[in-house]
Amino acid sequence: MVEDDSSIVFDTNFTVLAAESLDSGNCNYEHRAGKRARRDHDWSFVRFKGVVPQQNGHWGAQIYANNQRIWLGTFKSEREAAMAYDSAAIKLRSGDTHRNFPWTDLNIREPEFQSLYSTEDVLNMIRDSSYQAKLKDFVKILSEKDEKPTTNLNKKLVHGDTQFSCMQLFQKELTPSDVGKLNRLVIPKKYAVKYFPPIRG
DNA sequence: CGGTGTGTTGAG
DNA sequence: TCAACACACCGG
């Protein structure tokens, strides 16, 4: 099924949009067309920051922070890898140092999405490719949230100096095992996978 | 065995 | 900081 670029995670609109606004300055889209690397292997026309070709035709993503390289994983398409870099850059770098793709109304939410997780969590989500889906959910829930501001479930809490905004992620009815001998509440796997950081340290 | 990501180098 | 390149290593 040849999904090359277009069909990945984030909806296609994003990819297309990003791809077509090349000329609109600021995004770090170096058209280094023609710039060849040391060996003249066919790839080597790497256009994206933090993206490195793999011998099997896949693409690796990496970012440098505090004097060391952080590996972000390998991806099937060049763009997935480039997006991985952009996402990691938000957490690791200050401000928006040259990104691969321009900001859109969707990825503009990334900073606040990432603020819900630790750096390691974000990196792990990027690495296991669950990042995009979770970000998408986050944005979706956000939009649902301000569609009905009347809902009482979403309120703001103020704790000391810091402000936290909360939203309902999911709902679950108590089951026998929740009130059984084991003193624990079971979170459905579906939601656990969806809203919790991935395993691995 | 294929694929991953680290070691390492040289350039910007 | 960064990507190019080589290849040790790891899970299947």
Side-chain angles (χ1 to χ4, degrees), chain A residues 1-10 12 14-104 107-108 110-111 113-115 117-136 189-190 192-194 196-201:
Chain A
M1 25 148 102
V2 191
E3 76 255 55
D4 185 29
D5 305 314
S6 45
S7 68
I8 338 192
V9 271
F10 234 74
T12 327
F14 174 77
T15 311
V16 172
L17 209 160
E20 291 180 341
S21 52
L22 287 182
D23 38 333
S24 68
N26 78 30
C27 57
N28 186 43
Y29 251 96
E30 303 186 26
H31 270 292
R32 311 191 222 167
K35 178 172 186 179
R36 41 186 17 217
R38 304 184 195 174
R39 264 286 194 47
D40 25 3
H41 270 123
D42 202 27
W43 37 59
S44 306
F45 288 76
V46 182
R47 286 168 279 211
F48 299 105
K49 189 173 174 62
V51 175
V52 63
Q54 294 293 81
Q55 23 185 42
N56 52 359
H58 289 182
W59 299 87
Q62 59 185 21
I63 186 171
Y64 289 81
N66 56 262
N67 296 320
Q68 67 175 11
R69 173 177 53 191
I70 296 175
W71 189 253
L72 302 174
T74 55
F75 304 85
K76 292 182 218 66
S77 79
E78 211 172 344
R79 288 187 183 165
E80 279 181 285
M83 289 175 75
Y85 172 88
D86 282 0
S87 296
I90 293 173
K91 195 66 167 180
L92 276 46
R93 300 299 199 61
S94 52
D96 89 38
T97 38
H98 352 244
R99 303 167 47 81
N100 286 307
F101 299 105
W103 291 100
T104 67
N107 62 27
I108 196 65
E110 276 194 71
F113 165 69
Q114 293 191 359
S115 70
Y117 302 90
S118 70
T119 298
E120 271 307 307
D121 289 338
V122 169
L123 292 179
N124 286 332
M125 289 189 290
I126 291 173
R127 292 194 264 248
D128 72 4
S129 299
S130 68
Y131 182 90
Q132 290 294 331
K134 287 176 174 166
L135 170 59
K136 208 173 97 181
K189 181 178 178 181
K190 176 187 174 186
V193 171
K194 199 168 188 175
F196 284 78
I199 307 176
R200 189 172 156 182

**Asked** Is A/Lys91 reaching over with its side chain to a backbone N or O of A/Gln114, donor-acceptor style, under 3.5 angstrom?
**Response**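 It does hold such a pair.
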
**A/Ile63 side, atom CD1; A/Tyr85 side, atom OH - distance, nearest 0.5 Å** =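 Between atom CD1 of A/Ile63 and atom OH of A/Tyr85 there are 4.5 Å.
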
**Message:** So if I take residues 64-71 of chain A and measure heavy-atom distances to DNA chain B, which residues fall below 4.0 Å?
**Reply:**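 Heavy-atom contacts with DNA chain B come from A/Arg69, A/Trp71.
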
Choose from [options] the nucleotide whose nearest atom is closest to any side-chain atom of [X].
{"X": "A/Arg93", "options": "C/dA4, B/dG3, C/dC2", "answer": "C/dC2"}
{"X": "A/Thr74", "options": "B/dT4, C/dT1, C/dA4", "answer": "B/dT4"}
{"X": "A/Asn56", "options": "C/dA4, B/dG5, B/dG3", "answer": "B/dG3"}

**Prompt:** Does A/Lys49 place a side-chain N or O at less than 4.0 Å from the phosphate oxygens OP1/OP2 of C/dA3?
**Reply:**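 So the side chain of A/Lys49 is outside the cut-off, no N or O lying under 4.0 Å from OP1 or OP2 of C/dA3.
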
**Prompt:** Do the side-chain N or O atoms of A/His58 get closer than 4.0 angstrom to the phosphate oxygens (OP1, OP2) of B/dT4?
**Reply:**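 Looking at the OP1 and OP2 atoms of B/dT4, one of them is under 4.0 Å from a side-chain N or O of A/His58.
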
**Asked** Expressed in angstrom and rounded to an integer, what is the separation of A/Gln54 atom CD from B/dG5 atom C1'?
**Response**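 Distance, rounded to whole Å: 7 Å.
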
**Item:** Atom pair distance, as rounded to whole Å: CD1 in A/Ile63 and P in C/dA3
**Value:** 10 Å

**Those residues that, when tested against A/Lys134, pass side-chain contact (heavy atoms from CB on, under 4.5 Å) (two or more places apart)** =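 Per chain and number, A/Lys134 pairs via side-chain contact (heavy atoms from CB on, under 4.5 Å) with A/Phe113, A/Met125, A/Ser130, A/Pro198.
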
**Request:** Sequence neighbours left out, what passes ring-ring contact (aromatic ring centres under 6.0 Å, His included) with A/Phe75? Give chain and number order.
**Result:**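 Partners of A/Phe75 by the ring-ring contact (aromatic ring centres under 6.0 Å, His included) criterion come out as none, since no residue qualifies.
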
**Asked** Is A/Phe101 close to A/Arg79 at the side-chain level, that is, under 4.5 Å between some pair of heavy atoms?
**Response** yes

